[in-house]
Every structure is written in structure tokens, then in C-alpha cells.
Undergrad: 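Take this structure, written in C-alpha cells, and hold onto it; I'll ask about it next.
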Amino acid sequence: MEKYILSLDQGTTSSRAIVFDHEGNICSVAQHEFPQIFPKAGWVEHDPHQIWGSQASVIAEAISQIGINGHNIAAIGITNQRETTILWDADTGEPIYNAIVWQDRRTSEYCDSLVEAGYGEMIKNKTGLIIDAYFSATKIKWILDNVPGAREKAEAGKLRFGTVDTWLISCLTRNSAHVTDITNASRTMLFNIHTLQWDEELLRLFDIPASLLPEVKPSSCVMAYTTTTIFAHAVPIAGVAGDQQAALFGQMCIKPGSVKNTYGTGCFMLMNSGNKPILSKNRLLTTIAWQIGDEVTYALEGSIFVGGSVVQWLRDGLKCISSSSEVEKLATSVEDTDGVYFVPALTGMGAPYWDQYARGLISGISRGTTVAHIARAALEGIAFQVYDIVSSMELDSNLKIVELKVDGGASRNDLLMQFQSDILNTEVLRPQVTETTALGAAYFAGLAVGFWGSVDEINAQWQIQHRFAPKASPEYVAAKLDGWHDAVKRCLTK
Ligand SMILES: Nc1ncnc2c1ncn2[C@@H]1O[C@H](COP(=O)(O)OP(=O)(O)O)[C@@H](O)[C@H]1O
Ligand SMILES: O=P(O)(O)OC[C@H](O)CO
């Protein structure tokens, strides 16, 4: 009987299920968007039932498309939007509040107070993270402090916390397993990336009872077996990783110094830093890339909050395009931006600026400026942000980045990829399979159950679809970068 790996990719705006064969080819894909909930300015929530409902329906669709069932699935891999926080009743499995999404800024002021109180160094040394509302810890605290009855339940040991991976595993096992993987744990701001344990001092600081927390497992191991009726057969859940770490593995960035950037809603650049964490001096994050067996691999990360979503704003806000892919045609209709710069800080600036109060800025507008110049400047703004991360990463790692592997929705844009290569003066490599996030989770799962024998066997499958080589002159690049950094200065609030 032919066997496959089923990968669940639970992203910020949609849930996907992808079936991969032994060669790493995509055999079927199903995708459903689900509603974004914006209760107040700066708040972003998801309904946990809609997360599971959309994920369950795409699983059914993806396996029925190719006429297989649970018996054909060697293992399930899960990869997920990270940091997003869900709390549910330990007995019933019922969430006590909506998922608070990674983009949600409701705990910003509390985070400011932690910085002012001098906790920055301690938190960075233990977790590798910079104090920010982005991570799970302050979101958990907010639910415990604001949802009636939550704290009492937590103190009685009747409440469970999970990131989206843990929630999906709970749903797949009908409220039985309460586990997460080490990469997701490393994004909570409660996990010590050196001792590889939940940190008691941090739990005390955030006033979070330890009984809330899931058990932490390696990224590639059998964590649980499904009991949901979708499969009518117990399928092992054998690979779990946060989506950016999964993409790093899916891109086979397995050597220290290798780098990938994912151009999705945001952009996330990760560099494999080997078996030792590099604590950033240039405002990047240190995070766990994966654990296979006993071996932990670390990564440096630059998180950009607004990437492809600036193109969505051109579509939905300015209404100058009707689909994201149209932006390339519009932007190529002019030769350059004619002096226009677009800093896409629509929800603040992430690494390396970390200014949550910054907002977007379009500069250099003249009588001749058209919407095409603005569209081109928006794409360049994505690439400039990536340039700033690369600069910090090279300083932190003391390495020159010689090639950048890319994936995510906006990596399909040739104009953006060529500009990225020009501005970095580095080759940009786009792989055959751009669903690298799902592929990475599939690889973790397949390795755990012997579907693939070794990382080397997998590495041999990775193939380039397009290589972008730098073409611009050093003078052009220097002038563009000066213009960009001038524009950034104007938009920062501190
Ligand atoms: N051809 C394109 N050019 C630029 N941006 C694009 C293009 N196609 C899709 N995008 C952007 O890519 C993002 C979707 O990518 P995806 O990897 O699916 O994101 P996510 O996983 O964050 O939901 C959207 O923000 C969309 O605007
Ligand atoms: O769901 P994505 O692809 O936008 O990724 C979200 C990140 O994991 C947030 O840290």
C-alpha cells in the first residue's frame, strides 16, 4: 500500500493540508481561509473552533482528493502560526477565550513597564527574545487577569495553555494529549533555551501556574496518536514545529550559516546557528530551530511584521489592484519608483527596530507620482526590511550571507526577488516546492517514523526552481539604501 505524509499548516489567515509522497512531491492540497476577529484597535483574535474546523475540513478534502484514508498516512506533521495563545478547560476541552493572535498589541503597555523595570536582559538571556507583546507570556497573563474565573481555574489545575500546535493535537486526540514541541515552546517567553525547560523565575514574574503548560517534546518524534473520527485509524503525530522553523528545515538550511526568508503576511528570516545559541547584539531573536533526537539546533531570527500584507493593503485599502499577484504588473509598468519610498510599518516595525508605535510612511511624492510608483516602492520596502535584517545577522554571526533561500506567497514575485538580490548583492534561490513550511513539518514527521531514513536522503531532494543573481551597480544600491534609511528615520517614534 502506498504511504504518504500528511502535513497540517495552520497559518494566520488560512489552514492548509498537504499530502506529500516519498519524493517530497505535493500530491494534494486543500486550503480554507477563516475569519479574523478585530474586537478593538490593535487587538487580533481567532475563534479556536474555527481554527480546528477549517483544519479538519481541509484534512478531509486533501485525503479524499487522492482517494486515500488513514491507513495510507505514515505520519502527520503539524506546523503553525507561532505565539498565538489559547487557554482551554482541562476537563471539557472548551476554550475559555478566543485565541489571542501573535499580531495582537493589547499587552504593549505592560511590556513597556517590564522594559522600564529592567527585565530586558534577564528575559533575553534566558529566552533569546526581546520583550514584546508578540510573544505568548503576556497574552496568557492577560487572559488569566481578565477572563472571569480563569485564574481560579488555573490555580486549581483545571486549565490548559497551548500554542496552535498544542490546540490541534488536543483536537486530534479528543482532549487527551497536552504537548508542544520545543520550537513552539521557545516562542512563549517562558521557556529557557539553555536549560530546555519552562523557567520558574519567568513563571513567577508573569504569575502563570506551571500546571497550565504542556509537556515539551522534540520536533521529530511520535508525540501522540489521533483518535478523531476523521481517520478511522490511529495515525501518529510525529513532527511538530513553528512555521518559520519548519520552513528553515523544509528549505534544508541544515548547515550553520544557511539562511531562508519567508515572504508571507510578515517576513521571517532565520539563520541556522548550529548547536549553540548566538545571543544577538543587534536586536535579532535567538530561537530554537529544531530538536531531532537529543540534538538541539538554534537559529537567529529577524521578524518583520509587514511583508506581503502591504500588498494586501494596496489591494484592499488603496484598491489599486484586485489581486495580490497583479502588483507585479503594476509595479513593472514604471521603470523605478521616481524617488518614492514606502516604509510599510502598518502595524509597527519589528526587527531590528522594534518600534511598536511606528506607522507606515510614503515619502518623496511629487506631481508625477502614480499609484504604480507607490506599488513599486511598497515591494522595495519589503526587500529593504530584509536587507536590514541581513546586516544585523551578518554582524551577529560574523558570517557573510552568500545566498538566500526564499519561499512564501510573495516570493512568487520576480520583480521583488530580483530587487532583493540586487539590494543584498547576493544570490536569491527559489525552490521547486515553495510550500516549504508544510514540507519541513512533513520531513520532521517522516524522519520520526522511518518514512525517510536520514536528513541526507531528504537533502538530496531539494531543487532550485529559479536563481536570481545581482545585477545592480554598487552606486545605485548605495543611493537606494541611503534613501530608505532616511525614510525609516522619519517613521520611527524613538
Ligand atoms: N505575486 C505576489 N506579489 C507580492 N505579494 C504577493 C504575491 N502573491 C501573494 N502575495 C502576498 O503573499 C501573502 C500570502 O503569502 P502566504 O505565504 O500564503 O502567507 P501566510 O502564510 O502568512 O498567510 C499575502 O500577504 C499576499 O499579499
Ligand atoms: O502564519 P504566518 O505564515 O503569517 O506566520 C506567522 C508567524 O509564525 C508568527 O511568528
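Both counts, for ligands and for their atoms, begin at 1 and track the order of listing.
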Undergrad: With respect to Thr12, determine whether any N or O atom, backbone or side chain, lies less than 3.5 Å from an N or O atom of ligand 2.
TA: yes
Undergrad: Are any of the heavy atoms in Arg412 under 4.0 Å away from ligand 1?
TA: yes
Undergrad: Quick check on contacts: which atoms of ligand 1 are under 4.0 angstrom from a heavy atom of Gly408?
TA: 17 (O)
Undergrad: Using side chain to side chain contact (heavy atoms under 4.5 Å, CB included) as the criterion, point out the one residue from Thr188, Thr166, Ile86 that pairs with Phe161.
TA: Thr188
Undergrad: Name the residue from Asn184, Leu172, Leu6 that meets the side chain to side chain contact (heavy atoms under 4.5 Å, CB included) definition with Ile78.
TA: Leu172
Undergrad: Looking at Asp243, which atoms of ligand 2 are within less than 4.0 Å of one of its heavy atoms?
TA: 1 (O), 2 (P), 3 (O), 5 (O), 6 (C), 7 (C), 8 (O)
Undergrad: Starting from atom 23 (O) of ligand 1, find the nearest protein heavy-atom neighbour and note its residue, name and distance.
TA: Thr13 OG1, 3.1 Å
Undergrad: Should the pair Trp142 and Trp43 be assigned to parallel (<30°), tilted (30 to 60°) or perpendicular (>60°) ring geometry?
TA: perpendicular
Undergrad: What's the shortest distance from atom 4 (C) of ligand 1 to any protein heavy atom, and which residue and atom give it?
TA: Asn413 ND2, 3.6 Å
Undergrad: Parallel, tilted or perpendicular: which one describes the rings of Phe384 and Trp484, with boundaries at 30° and 60°?
TA: parallel
Undergrad: Which one holds for Val327 and ligand 1: side chain close, backbone close, both close, or neither close, with close meaning a heavy atom under 4.0 Å?
TA: side chain
Undergrad: List the steps, then state whether ring-ring contact (aromatic ring centres under 6.0 Å, His included) holds for Trp167 with Trp52.
TA: CA-CA 8 Å; Trp167 170 242; Trp52 168 238; 8.1 Å; no
Undergrad: Could you tell me how the ring of Phe191 sits relative to the ring of Trp198: parallel (under 30°), tilted (30 to 60°) or perpendicular (over 60°)?
TA: perpendicular
Undergrad: Pick whichever of Ser325, Ser411, Ser324 has a heavy atom sitting closest to atom 10 (N) of ligand 1.
TA: Ser324
Undergrad: Distance to 0.1 Å, residue and atom name: give those for the protein heavy atom nearest to atom 24 (C) of ligand 1.
TA: Gln312 NE2, 3.7 Å
Undergrad: Are any non-hydrogen side-chain atoms of Arg376 and Leu379 less than 4.5 angstrom apart?
TA: no
Undergrad: Could you tell me the residue and atom name of the protein heavy atom closest to atom 21 (O) of ligand 1, and the distance to it rounded to 0.1 Å?
TA: Arg16 NH2, 3.9 Å
Undergrad: Give me the nearest non-hydrogen protein atom to atom 22 (O) of ligand 1 as residue plus atom name, then the distance to 0.1 Å.
TA: Thr265 OG1, 2.5 Å
Undergrad: Please list, in number order, the atoms of ligand 2 under 4.0 Å from a heavy atom of Phe268.
TA: 7 (C), 9 (C), 10 (O)
Undergrad: Just wondering, more than 12 heavy atoms not from Phe206 lying within 6.0 Å of its CZ?
TA: yes
Undergrad: Verify salt bridge (Lys or Arg N to Asp or Glu O under 4.0 Å) between Lys139 and Glu83, making sure each step is shown before the conclusion.
TA: CA-CA 9 Å; Lys139 301 180 197 290; Glu83 300 95 12; over 6 Å; no
Undergrad: Specify the protein heavy atom at minimum distance from atom 17 (O) of ligand 1: its residue, its atom name, and the distance to 0.1 Å.
TA: Gly409 N, 2.9 Å
Undergrad: Determine, step by step, whether Ser7 and Phe20 satisfy the side chain to side chain contact (heavy atoms under 4.5 Å, CB included) criterion, reporting the C-alpha distance in whole Å, the side-chain angles of both residues, the deciding distance to 0.1 Å, and the verdict.
TA: CA-CA 8 Å; Ser7 196; Phe20 290 98; 3.8 Å; yes
Undergrad: Which residue and atom name correspond to the protein heavy atom nearest atom 5 (N) of ligand 1, and how close is it?
TA: Ala410 CB, 3.3 Å
Undergrad: Could you check whether any side-chain heavy atom of Ile464 comes within less than 4.5 Å of a side-chain heavy atom of Arg430, counting everything from C-beta outward?
TA: no
Undergrad: What do we get for Ser309 next to ligand 1 when only non-hydrogen atoms under 4.0 Å count, side chain, backbone, both or neither?
TA: backbone
Undergrad: Is there a donor-acceptor contact under 3.5 Å from the side chain of Asn192 to the main chain of Asp199?
TA: no
Undergrad: Show the atoms of ligand 2 that are less than 4.0 angstrom away from any heavy atom in Glu83.
TA: 9 (C), 10 (O)
Undergrad: When you look for heavy atoms under 4.0 Å from ligand 2, do you find them on the side chain of Arg187, its backbone, both, or neither?
TA: neither
Undergrad: Within a distance under 4.0 Å of any heavy atom of Thr265, pick out the atoms of ligand 2 and give their elements.
TA: 4 (O)
Undergrad: Considering only heavy atoms of Gly11, which atoms of ligand 2 have at least one such atom less than 4.0 Å away?
TA: 1 (O)
Undergrad: What atoms in ligand 2 come closer than 4.0 Å to a heavy atom of Tyr134?
TA: 9 (C), 10 (O)
